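Naming: A, B, ... by sequence-line order, numbering from 1 per chain. In this text the structure is predicted, and so the values were computed from the model without any measurement.
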Protein chains: 2
Amino acid sequence: MTKQVKREDIIRAAMDLIAAQGFHGAPMSMIAEKAGVGVGTIYRYFENRDILIKAVYQEIEERLVTFLSRDYPYDQPVRNCFFHVAKGLVTYFVQNPMEFKYSEQFHYSPFGEAHRRNRIFKTAGQPDIFLELYERGLAQQVIKTLPPTVFFNLAFAPIAWSLRDHILEMIRMDDALAQVLAASCWDSVKK
Amino acid sequence: MTKQVKREDIIRAAMDLIAAQGFHGAPMSMIAEKAGVGVGTIYRYFENRDILIKAVYQEIEERLVTFLSRDYPYDQPVRNCFFHVAKGLVTYFVQNPMEFKYSEQFHYSPFGEAHRRNRIFKTAGQPDIFLELYERGLAQQVIKTLPPTVFFNLAFAPIAWSLRDHILEMIRMDDALAQVLAASCWDSVKK
DNA sequence: GTATTAGGAATGAACATTCATTCATAATAT
DNA sequence: ATATTATGAATGAATGTTCATTCCTAATAC
């Protein structure tokens with residue numbers, strides 16, 4: 001087993017356990033067992049628990065941004081780009097519910113608070129898809145004049161909450177619902 | 001000091017500590033100290049930690065519902081009622097940031113998941129303000145045809161996220177912003 | 001004087017982290 | 001080609017700490 005694979009096993013195990021049980025319900029010993037490695041081994045790959053937790057989140061963020069960037073309709077109107085992102089979010093997280101639950105745990109924790117201050121979804125190097133959307137929308141006067149955070153909240157908070165409801169099996173998120181949801185969010189930010 | 005007062009002191013101390021530091025950062029000994037009572041005393045009022053945590057949340061929910069029910073414009077159009085609730089939420093939580101942060105912590109924890117299944121903000125006995133809004137909106141055909149949860153998410157998720165941003169001092173929530181926010185949320189659910 | 005309430009030291013369970021030891025593989029010598 | 005040695009990855013028992021809960025004693029009420 002290569003080094004990289006083992007690292008990924010640990011990340012996967014931590015993600016699944018924390019997503020399912022919360023930070024509490026996932027002691028290092030359990031993560032080690034699920035990853036099929038010794039406890040000590042984890043510390044060869046991650047300095048300590050906090051660093052592991054942050055690494056898992058970074059992994060998720062990177063995968064999401066990569067997914068959303070695929071076929072991004074850069075040269076099309078803001079509205080189309082918004083739908084691409086909104087529906088991409090739904091598609092990605094419906095397919096990867098553990099990633100979603102982990103992100104939520106992370107987000108609403110002391111880690112997340114620190115992280116959010118820097119800026120959500122801003123991955124070093126890559127252009128910020130979300131910010132680009134906001135700035136172009138403002139410049140072209142197709143969205144309301146709002147602080148970027150508020151725009152972001154109107155545009156994506158209902159999607160996040162609905163994804164949560166879907167994952168908890170309180171609603172069923174299909175293409176039709178995703179479409180209505182995205183359209184409604186657009187209604188709330190469009191001029 | 002009466003029994004009731006002591007109970008409230010404990011609830012307040014738990015709320016403030018957990019809101020500020022998370023569930024982790026608020027051991028019983030710290031709650032006791034902040035409340036000005038012995039650790040053992042807490043166990044005279046609350047069977048165990050989990051029960052205390054749930055009691056704090058119930059307290060918050062009750063206060064909120066009471067606040068929102070005051071001057072509720074029952075006989076006015078759905079739209080007005082929606083604005084009453086939306087702005088009431090903002091007013092209440094801007095004035096009571098610890099209540100907001102605690103609710104968030106609670107909501108995104110194993111406790112919250114269990115709780116949400118029953119139904120958010122449904123306080124036994126009182127009519128459910130939120131559900132009433134949805135049902136009347138549908139009946140009068142002033143809102144889109146959506147599952148109740150999705151309606152709820154569109155209507156209130158952006159407000160919750162923005163309250164969070166305000167409390168973390170990333171934006172400033174004043175009356176003007178609350179108004180725009182409420183109006184935008186309404187835009188997303190209105191027919 | 002008795003009953004009830006408060007207090008906080010003591011207890012034991014859970015957990016993150018460490019570190020001495022094992023073991024597989026690679027490097028080197030013969 | 002085979003034997004010997006070196007390297008460092010992997011391991012999990014041991015350690016020290018934190019914390020919820022208990023329970024005995026003190027204070028207070030009646």
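- The existence of a salt bridge linking Arg116(B) and Asp165(A) is confirmed by a sub-4.0 Å separation between a basic side-chain nitrogen and an acidic carboxylate oxygen.
- One can place CD1 of Ile51(A) at 13 Å from C1' of dT17(C), the figure rounded to the nearest angstrom.
- The Pro27(A) side chain lies nearest to dA16(C) when the options are dA16(C), dA20(D), dG12(D).
- What separates NE2 of His24(A) from P of dC19(D) is a distance of 12 Å, to the nearest Å.
- In terms of position along DNA chain C, the nucleotide closest to Gly25(A) lies nearer the 5' end than the nucleotide closest to the other residue of the pair Gly25(A) and Glu47(A).
- Rounded to an integer number of Å, the gap from Ile18(B) CD1 to dC19(D) P is 13 Å.
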| request: For Gln179(B) and Asp174(B), run side chain to side chain contact (heavy atoms under 4.5 Å, CB included): C-alpha distance rounded to whole Å, both residues' side-chain angles, the deciding distance at 0.1 Å, then the answer. | output: CA-CA 9 Å; Gln179(B) 175 64 38; Asp174(B) 51 22; over 6 Å; no

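- Taking atom CG on Asn48(A) and atom P on dT18(C), their separation rounds to 8 Å, with Å as the unit.
- Between dA6(C), dA10(D), dT21(D), one nucleotide has an atom nearer to the side chain of Thr41(B) than all others, and that is dA6(C).
- Taking only side-chain atoms of Arg49(A), from C-beta outward, the nucleotide of dT21(D), dT11(D), dA16(C) with the closest atom is dA16(C).
- Counting to the nearest Å, the C1' atom of dT11(D) and the CD atom of Glu33(A) are 14 Å from each other.
- The distance between atom CZ of Arg44(B) and atom P of dT22(D), rounded to the nearest whole Å, is 13 Å.
- With distances taken from any side-chain atom of Tyr43(A) to the nucleotides dT11(D), dA6(C), dT18(C), the minimum falls on dT18(C).
- A salt bridge links Lys101(A) with Glu113(B): at least one charged nitrogen is closer than 4.0 Å to a carboxylate oxygen.
- Ranking dA20(D), dA6(C), dA16(C) by closeness to the Lys6(B) side chain, first place goes to dA6(C).
- Checked against a 6.0 Å centroid threshold, the rings of Phe23(B) and Phe23(A) do not count as neighbours.
- In this structure, Phe46(A) reaches neither bases nor backbone, as no heavy-atom distance under 4.0 Å exists between it and the strands shown.
- The residue among Gly40(A) and Phe23(A) whose nearest nucleotide of DNA chain C lies closer to the 5′ end is Phe23(A).
- You'll find that the side chain of Met28(A) is closest to dT17(C), out of dA9(D), dT17(C), dG8(C).
- For Asp16(B) and Arg12(B), the salt-bridge test passes: some basic side-chain N is under 4.0 Å from an acidic carboxylate O.
- The shortest distance between the side-chain N/O atoms of Tyr45(B) and the OP1/OP2 oxygens of dT5(C) is not below 4.0 Å.
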